[in-house]
Structures are given as C-alpha cells and as structure tokens.
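As the structure is a prediction and not an experimental result, all values here were calculated from the model. Both counts, for ligands and for their atoms, begin at 1 and track the order of listing. We use all heavy atoms of the structure for the numbers below, so side chains are in, but hydrogens, waters and symmetry mates are not.
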Amino acid sequence: MVPPNDTQNSIQEEAILRLAAIVESSDDAIFSKTTEGVITTWNKGAERIYGYSAEEIIGKSVDILIPPNRKNDFPLIMSKLKKGERIDHFETQRFTKDGRIIDVSITVSPLKNVQGNIIGASKIARDISEKKALERRKDDFISLASHELKTPVTSIKGYTQILKKLVAKDTDPSVVKYLGKMDQQISKLTNLITDLLDVSKAAQGKLDYKDTQFSLDKTIEGIIEDIQHVTDTHQILFENKIPVTICGDQERIGQVVINLFTNAIKYSPDADRVVVRMEQEGDTVQIHVQDFGMGIPPHARSKIFERFYRAYNEEQPVYSGLGIGLYISREIVARHNGSISVQSILNKGTTFTVSLPLKLV
Ligand code: ADP
C-alpha cells in the first residue's frame, strides 16, 4: 500500500478537525466509552447536560451517571452493542453532577477499531426533561379529568337504570326506546372514561390486575354474545374454538378482545362479518381477530400501539376514537407475558393476533 502523502494527510486532518468542531458545538451530549464503561471523550453538550467537565469525568465509569432504578440499562445496552447493534432513541433517566435526575433520550452505536473489533461505544444523549414534564402534566390532567367525570356519569347511569325499571307497562313505547338509547350512550361514555383512567394508569405502570384461572373460549363467547346484542351490521364468527383455561385477569383480557372486536367492526364499515379463531401451540394459545375492512397503511402498522396514535386521523376523522385502545391492550397482554401483533392488507382487511401463555410465569 502506498503511504499517504503530506497533502492527503492535511486533508484528513482538516476533516477530523471539522468533525471535532461539529461534535463540540452540538447541543446534545456526545461522548464515548470503552466496553467496560470507562468514559473516553466528552463534549461541551455533555458538560452542559450532566454538569461534569471533561477533565472531571474522562477516565471515570459511566456508572456515576446512572440512577439506581436504571442500573439495568448498562447490561442491556452492552448486550446489544456486543452484537454490533445500535440503540436508537432509548428513553431513560440519568444523574447530573448536582444530584438532579433528568430524562434523556439516548442513541448508542458501537465503536470499532481498524480490525473491526468493538472497542467501545459512542453515545448521543438529548435532554428531554421538559418534554417528559409536559407529558406527565398531560397524564395528570387526563387522570384528574376522568376521575371527576366518573362520579356524575356513574350516578346518571344508576338513575337511568332505575327509570327503566320504573316505567310502567302502559308507558308510551317511544319513552322506553329513548331510555334504552340513553342507557347505551351512557355506557359508551362510561367505557370512554374507564379507558382514559386506564391510559394514565398504564403510563405509570399502575394498571390493576386480579389474577384467576378462567376459561378463555367461554370468555370470548360471552363477549361475542354481548357485542352481537348491540351490533346489527356484522356477525362475529367464532372458528376453531379450543377449550382452554388460562391464568390471568379475565376482565383485562376481555377488555383486549372487546377492543379488537369493536375496532374490527368500526374499521370495516362495508363488511358484514368478523372472524375470530383460536390456535394452540404447546403452552401458548393464540386468538386471531380478522376483519375485511380498510386495512392499515404500512407506515402506521408499527405505530398503532402507541398512545394516542390514530392512522386515519387527518383523512378520515369519521371514525370516533382516542387512539388508546391498542396501547392499553398491548400493556395488558405484556403483563400476561404475551404479545400482540398485526397483519394487514390495505383495502382487504386486518388480522390482530394475541398470543398468551397458558400459565402466568
Ligand atoms: P381508536 O380506534 O380509538 O383510534 P386504537 O388504539 O384502538 O384507537 O387503534 C389505533 C388506530 O389503529 C386506529 O385509530 C386505527 O387507525 C388503527 N386500527 C386499529 N384497528 C384497526 C382495524 N381493525 N382496521 C384498520 N385500522 C385499525
């Protein structure tokens, strides 16, 4: 190989200096560490965010930045890096020099030597404390507002049911009909408030669960019956019913199934059926809910489980909803050590699959 001449050397040096200037002037914290976690470089952004100067921290372990409740971050990050994978926008918390805990979004990439061996990692950390504080305020507001709404709506529901019982046999049939409609709408409102309460609880990992052994197929059957009472546009066909008992929270798993059925009906206005199918593979049972509706655009498929995400918000605001049902469903399924996934073909239909272990580990 021909050694580089002086001109090539100075071009390379200039490129390195330019790169260093970019890193130095970044608002984000940019630093590197060895595979053992010893900090090797530290830019001005890192000084601003964490409060340590480069002299103070280079040579020290990244441990001093990690709060006790986030100690698992390090092995998790290292195991990914060792496989040569990078970690993108991982949201976590870090300690600053003056003892504050800040919210950061970090991106970590493996650093390799000329032989291609991993010798450490480069980290970019962005301070997202303000964004997180805003999110927390929003969650608190949603939680407070739904708590305040719950009491009056519950009593309206109670009075409506008393009224339904009180109406005499010879009452004008339209009064009975309107009372029934009123009751249905109040039930919708109650469900909406429960969902809102759940979404803020889920965000804090505080959804409550009551675990029992229950029959999954009978639970699905019961839900189909309830839904068919109020749906005359679609028929829900239950195929391959497998009698299985699982361990978990029956009401919460029911909530997931109800959400999948109501979505399947809502997003397939031109279809007349929804198919639910069970499958069992070893210690895992699967529930497939298939509709023949509009489908989900490819770019939206990975996002529909995020809080408040709605695939059709702009173009088709006709479909009512808040974009929280699937978020709550995913939380519930994860708590049961299961998974939820989606397959969809645009304008043909969508199938959601929930996999659950038979025993809660
Ligand atoms: P919501 O239905 O209230 O908007 P969800 O969290 O249940 O909230 O669903 C999130 C988004 O996923 C929906 O807004 C919709 O865009 C999309 N989606 C969910 N289920 C289906 C389905 N069966 N077919 C097409 N799109 C769906």
Identify which of Ser320, Gly323, Ala311 has a heavy atom lying nearest to atom 16 (O) of ligand 1.
->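 Shortest heavy-atom distance from atom 16 (O) of ligand 1: Ala311.
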Closest candidate by heavy atom, reference atom 20 (N) of ligand 1, pool Ile296, Asn263, Leu322 |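 Comparing heavy atoms across Ile296, Asn263, Leu322, the nearest one to atom 20 (N) of ligand 1 lies in Asn263.
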Pair [X], [Y]: side-chain N/O donor-acceptor within cut-off below 3.5 Å:
X      : Y      : value
Gln93  : Asp103 : yes
Gln115 : Asn113 : yes
Asp73  : Thr92  : yes

Classify the contact between Tyr309 and ligand 1 as side chain, backbone, both or neither, using a heavy-atom distance cut-off of under 4.0 Å.
-> backbone
Mind checking whether Leu260 contacts ligand 1 via backbone (N, CA, C, O), side chain (CB onward), both or neither, at a 4.0 Å heavy-atom cut-off?
-> neither
For [X], the ligand 1 atoms whose distance to one of its heavy atoms is below 4.0 Å:
X      : value
Gly321 : 3 (O)
Thr350 : 24 (N)
Leu326 : 5 (P), 6 (O), 7 (O), 9 (O), 10 (C), 12 (O), 19 (C)

Please state whether Phe305 comes within less than 4.0 angstrom of ligand 1, counting heavy atoms only.
-> no
Quick one: does NZ or CZ of Arg277 land under 6.0 Å from the six-membered ring centre of Phe238, within 45 degrees of the ring axis?
-> no
Qualifying residues under ring-ring contact (aromatic ring centres under 6.0 Å, His included), relative to Phe352, sequence neighbours excluded =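 Partners of Phe352 by the ring-ring contact (aromatic ring centres under 6.0 Å, His included) criterion come out as none, since no residue qualifies.
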Do any side-chain atoms of residues 194-201 form donor-acceptor pairs under 3.5 angstrom with protein atoms, and if so which ones, sequence neighbours left out?
from	atom 1	to	atom 2	distance (Å)
Thr194	OG1	Thr190	O	2.7
Asp198	OD2	Arg252	NH1	2.9
Asp198	OD2	Gln255	NE2	2.9
Ser200	OG	Leu196	O	3.3
Ser200	OG	Leu197	O	3.1

